[in-house]
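Before any comments, here is the structure.
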Amino acid sequence: QVQLVESGGGSVQAGGSLRVSCAASGDTVSRICMGWFRRAPGKEREGVAHIDAYESTTYADSVKGRFIISKDDAKNALYLQMNGLKPEDTGMYYCAAAGLWRTMAARTRLDPNEYKAWGQGTQVTVSS
């Protein structure tokens with residue numbers, strides 16, 4: 001079972017940038033599908049970005065063109081670079097691993113129910 005620990009959240013003004021990181025242990029990020037999710041106050045958890053073992057990426061429409069998901073196999077880490085941040089990007093950000101699959105069907109890539117291991121989350125707050 002992979003263990004995940006997020007870091008790098010914080011507070012930023014609208015239009016600013018942040019990068020959140022996720023350190024993995026117990027499995028290698030290069031072999032599995034991983035994703036970033038967020039939960040805004042009073043809302044359901046939603047998928048933000050996904051990357052598979054072949055480095056194919058998928059993004060929620062709300063973040064396309066602003067966020068970039070990537071991984072560093074040598075550091076066994078996952079990242080989410082967030083640019084052009086908006087107040088509606090505020091929330092707790094979680095990284096997650098989707099078991100042993102190297103790729104996933106398109107309709108499942110941003111579905112939190114498809115992910116088996118979760119980090120504790122890191123808070124991102126964007127002020128207007």
Side-chain angles (χ1 to χ4, degrees):
Q1 178 81 346
V2 62
Q3 290 80 47
L4 305 169
V5 178
E6 301 93 337
S7 61
S11 297
V12 66
Q13 297 240 325
S17 298
L18 276 175
R19 188 178 80 157
V20 290
S21 303
C22 175
S25 60
D27 206 337
T28 53
V29 298
S30 63
R31 303 195 308 141
I32 58 178
C33 293
M34 298 194 72
W36 284 100
F37 296 80
R38 67 187 180 192
R39 188 194 298 273
K43 294 190 176 180
E44 296 287 321
R45 184 172 47 185
E46 64 173 345
V48 174
H50 161 97
I51 186 166
D52 69 15
Y54 306 102
E55 303 205 8
S56 175
T57 58
T58 302
Y59 296 94
D61 288 343
S62 59
V63 306
K64 276 180 185 175
R66 299 189 297 123
F67 289 13
I68 301 171
I69 187 172
S70 63
K71 53 185 178 178
D72 185 327
D73 294 345
K75 295 182 178 180
N76 209 29
L78 181 73
Y79 303 102
L80 185 68
Q81 176 67 43
M82 302 181 288
N83 303 317
L85 281 161
K86 304 175 181 180
E88 51 264 42
D89 294 318
T90 293
M92 187 70 79
Y93 281 70
Y94 302 88
C95 71
L100 300 178
W101 304 315
R102 296 181 65 84
T103 188
M104 295 168 67
R107 62 178 175 81
T108 66
R109 291 170 190 165
L110 298 179
D111 181 354
N113 294 314
E114 298 293 328
Y115 289 73
K116 309 304 181 188
W118 294 83
Q120 83 290 347
T122 186
Q123 179 68 35
V124 171
T125 302
V126 185
S127 57
S128 58

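We count residues from 1, following the sequence as given.
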S56 OG to H50 NE2 distance, which is reported to the nearest 0.5 Å: 6.5 Å
Same cluster (ILVMFWY, side-chain, under 4.5 Å), V12 and V48: yes
A24 backbone acceptor or donor facing N76 side chain under 3.5 Å: yes
Distance-minimising heavy-atom pair for A49 and L80: CB-CD1, 4.1 Å
Close side-chain approach of D89 to V124, heavy-atom, < 4.5 Å: no
Qualifying residue for side chain to side chain contact (heavy atoms under 4.5 Å, CB included) with V20, from M82, Q123, E6: M82
Greater than 12 external heavy atoms within 6.0 Å of E44's CD: no
From R38 atom CZ to E88 atom CD, the distance as rounded to the nearest 0.5 Å: 8.0 Å
Nearest heavy-atom neighbours spanning V5 and Q120: CA-OE1, 3.7 Å
Q3 (side chain) donor-acceptor with Q1 (main chain) under 3.5 angstrom: yes
Spacing of S128 atom OG and K86 atom NZ [to the nearest 0.5 Å]: 13.5 Å
Ion pair check, D61 and K64, cut-off under 4.0 Å: yes
Shared hydrophobic cluster for M92 and V63 (ILVMFWY, side-chain gaps under 4.5 Å): no
I68 CD1 to N83 CG distance, which is reported to the nearest 0.5 Å: 6.0 Å
hydrophobic_cluster_shared for L78 and L18, side chain cutoff 4.5 Å: yes
Shortest non-hydrogen separation from P112 to R45 and the atoms involved: CB-NE, 3.7 Å
Side-chain (R102) to main-chain (A53) donor-acceptor, under 3.5 angstrom: no
Cluster check F67, I51: I/L/V/M/F/W/Y, side chain < 4.5 angstrom: yes
Closest contact, heavy atoms only, S127 versus P87: C-CG, 4.5 Å
Nearest heavy atoms of Y59 and I69, plus distance in Å: OH-N, 2.9 Å
Backbone of M104 reached by a side-chain donor or acceptor of R109 within 3.5 Å: yes
S70 side, atom OG; R19 side, atom CZ - distance, nearest 0.5 Å: 7.0 Å
Side-chain (T125) to main-chain (T90) donor-acceptor, under 3.5 angstrom: no
Donor-acceptor pairs under 3.5 Å, side chain of residues 26-37 to any protein atom, not counting sequence neighbours: which ones?
{"residue": "D27", "atom": "OD1", "partner": "R31", "partner atom": "NE", "Å": "3.3"}
{"residue": "D27", "atom": "OD1", "partner": "R31", "partner atom": "NH2", "Å": "2.7"}
{"residue": "T28", "atom": "OG1", "partner": "R31", "partner atom": "NE", "Å": "3.1"}
{"residue": "W36", "atom": "NE1", "partner": "Y79", "partner atom": "O", "Å": "3.2"}

